Chemist: 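Starting off with a structure, shown below.
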Amino acid sequence: GVPPENIKMIQLLEKPWLFNRPGRAANYAASSPNVAELDKADEEKYYKALKLTQDAYDALKKDPPAVGAGQAGGSLPGCPASGKSCADELAEISHALDDKYRAALDKWCDENIDASDIIVGQGGEVVMLNMAWQCNQAVADRLVTAVRNNLTVYAGLSASTMVCAK
């Protein structure tokens, strides 16, 4: 097997290139990019939008499901006041952050994508995983480029294969 110290678990929706996070056992490793210019308001806005997507997902898993949760212009759990869908709002905020803090993103990709021998995507909930990649297109682009340039190998399991296949 691979020694645990050679494995770094990453949760894309936690944006480890931007936010200092304590980590969560069996989910993602702690991150401390210490981005000096990070505006706390940007972090709060992002995590508020991320919570709406979780609220919508949780509402849809209930019995009976809250059909319409997270949709644009709705009033059910996960529906943003902006009138957008929760996924669209999260993606918009996420892309803006990746553009604003491009240097931190590029540094993280250099260290965690380009410098990795193999990147393994786990299976799981395909809708949430697809949303994670859609909200982090800059990371997806770097991964595709690294694979095509023979810098790393990508191996996907189940849902990871489906959302990363082109």
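Since the model is a prediction, treat every value here as computed from it, not as a measurement.
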Chemist: Cluster question for you: counting only ILVMFWY and a side-chain heavy-atom cut-off of under 4.5 Å, with indirect links fine, are Leu76 and Met131 together?
Modeler: no

Chemist: With a sphere of 6.0 Å drawn around CG of Asn27, does it hold more than 12 non-hydrogen atoms of other residues, nucleotides or ligands?
Modeler: yes

Chemist: Which heavy atom of Ser116 sits nearest a heavy atom of Thr152, and at what distance?
Modeler: O-OG1, 2.8 Å

Chemist: Can you see which heavy atom on Trp17 is nearest to which on Pro33, and at what distance?
Modeler: O-CB, 3.5 Å

Chemist: Taking it one step at a time, do Tyr57 and Val127 satisfy side-chain contact (heavy atoms from CB on, under 4.5 Å)?
Modeler: CA-CA 10 Å; Tyr57 183 75; Val127 173; 5.7 Å; no

Chemist: Is it true that a side-chain atom of His95 and a backbone atom of Ala138 form a donor plus acceptor pair closer than 3.5 Å?
Modeler: no

Chemist: How close do Gly121 and Ser160 get, counting heavy atoms only, and between which atoms?
Modeler: C-OG, 3.0 Å

Chemist: Any link between Val120 and Val153 through a network of hydrophobic side chains (Ile, Leu, Val, Met, Phe, Trp, Tyr) touching at under 4.5 Å?
Modeler: yes

Chemist: What distance separates Asp106 CG from Tyr101 OH, expressed to the nearest 0.5 Å?
Modeler: 15.0 Å

Chemist: Would you say Tyr28 and Leu13 are hydrophobically clustered, going by side-chain heavy atoms of ILVMFWY under 4.5 Å?
Modeler: no

Chemist: Decide yes or no for Tyr46 and Leu90: does some side-chain heavy atom of the first lie under 4.5 Å from some side-chain heavy atom of the second?
Modeler: yes

Chemist: Once you round to the nearest 0.5 Å, how far does CD of Gln134 lie from CG of Leu129?
Modeler: 10.5 Å

Chemist: Roughly how far, to the nearest 0.5 Å, is the SG atom of Cys86 from the CD atom of Gln71?
Modeler: 9.0 Å

Chemist: Run the numbers on Glu14 and Tyr47 for side chain to side chain donor-acceptor pair (under 3.5 Å), then give the verdict.
Modeler: CA-CA 9 Å; Glu14 292 293 336; Tyr47 278 103; 2.8 Å; yes

Chemist: Got a salt bridge between Glu111 and Lys107, using NZ or NE/NH1/NH2 to carboxylate O under 4.0 Å?
Modeler: yes

Chemist: Closest heavy-atom contact between Pro77 and Asp55?
Modeler: CB-O, 4.0 Å

Chemist: Please enumerate all residues that pass side chain to side chain donor-acceptor pair (under 3.5 Å) together with Asp110, with sequence neighbours excluded.
Modeler: Arg142

Chemist: Verify side-chain contact (heavy atoms from CB on, under 4.5 Å) between Ile119 and Ile113, making sure each step is shown before the conclusion.
Modeler: CA-CA 8 Å; Ile119 296 171; Ile113 293 178; 4.0 Å; yes

Chemist: Please evaluate residues Glu43 and Leu18 with respect to the criterion side-chain contact (heavy atoms from CB on, under 4.5 Å), reporting the C-alpha separation (whole Å), side-chain torsions for both, the decisive distance (0.1 Å), and the verdict.
Modeler: CA-CA 9 Å; Glu43 184 173 8; Leu18 188 55; over 6 Å; no

Chemist: Under 3.5 Å, is there a donor-acceptor pair between the side chain of Asp39 and the main chain of Ala41?
Modeler: yes

Chemist: Starting from Val126, can I reach Met128 by hopping between I/L/V/M/F/W/Y residues whose side chains sit under 4.5 Å apart?
Modeler: yes

Chemist: Of all heavy-atom pairs between Asp98 and Leu105, which one has the smallest distance, and what is that distance?
Modeler: CB-CD2, 4.1 Å

Chemist: Which heavy-atom pair separates Ala49 from Ile93 by the least distance, and what is that distance?
Modeler: CB-CD1, 3.7 Å

Chemist: Does any pair with a residue in residues 1-13 pass side chain to side chain donor-acceptor pair (under 3.5 Å), and if so which ones, sequence neighbours excluded?
Modeler: Lys8-Asn112

Chemist: Rounded to the nearest 0.5 Å, how far apart are CG of Leu52 and CD of Glu89?
Modeler: 6.5 Å

Chemist: Donor-acceptor pair, distance only, cut-off 3.5 Å: does the side chain of Ser31 make one with the backbone of Phe19?
Modeler: yes

Chemist: Starting from Ile7 and following side-chain heavy-atom contacts under 4.5 Å between hydrophobic residues (I, L, V, M, F, W, Y), which residues can be reached?
Modeler: Val2, Met9

Chemist: Find out if a path of hydrophobic residues (ILVMFWY) with successive side-chain heavy-atom gaps under 4.5 Å connects Leu97 to Leu12.
Modeler: yes

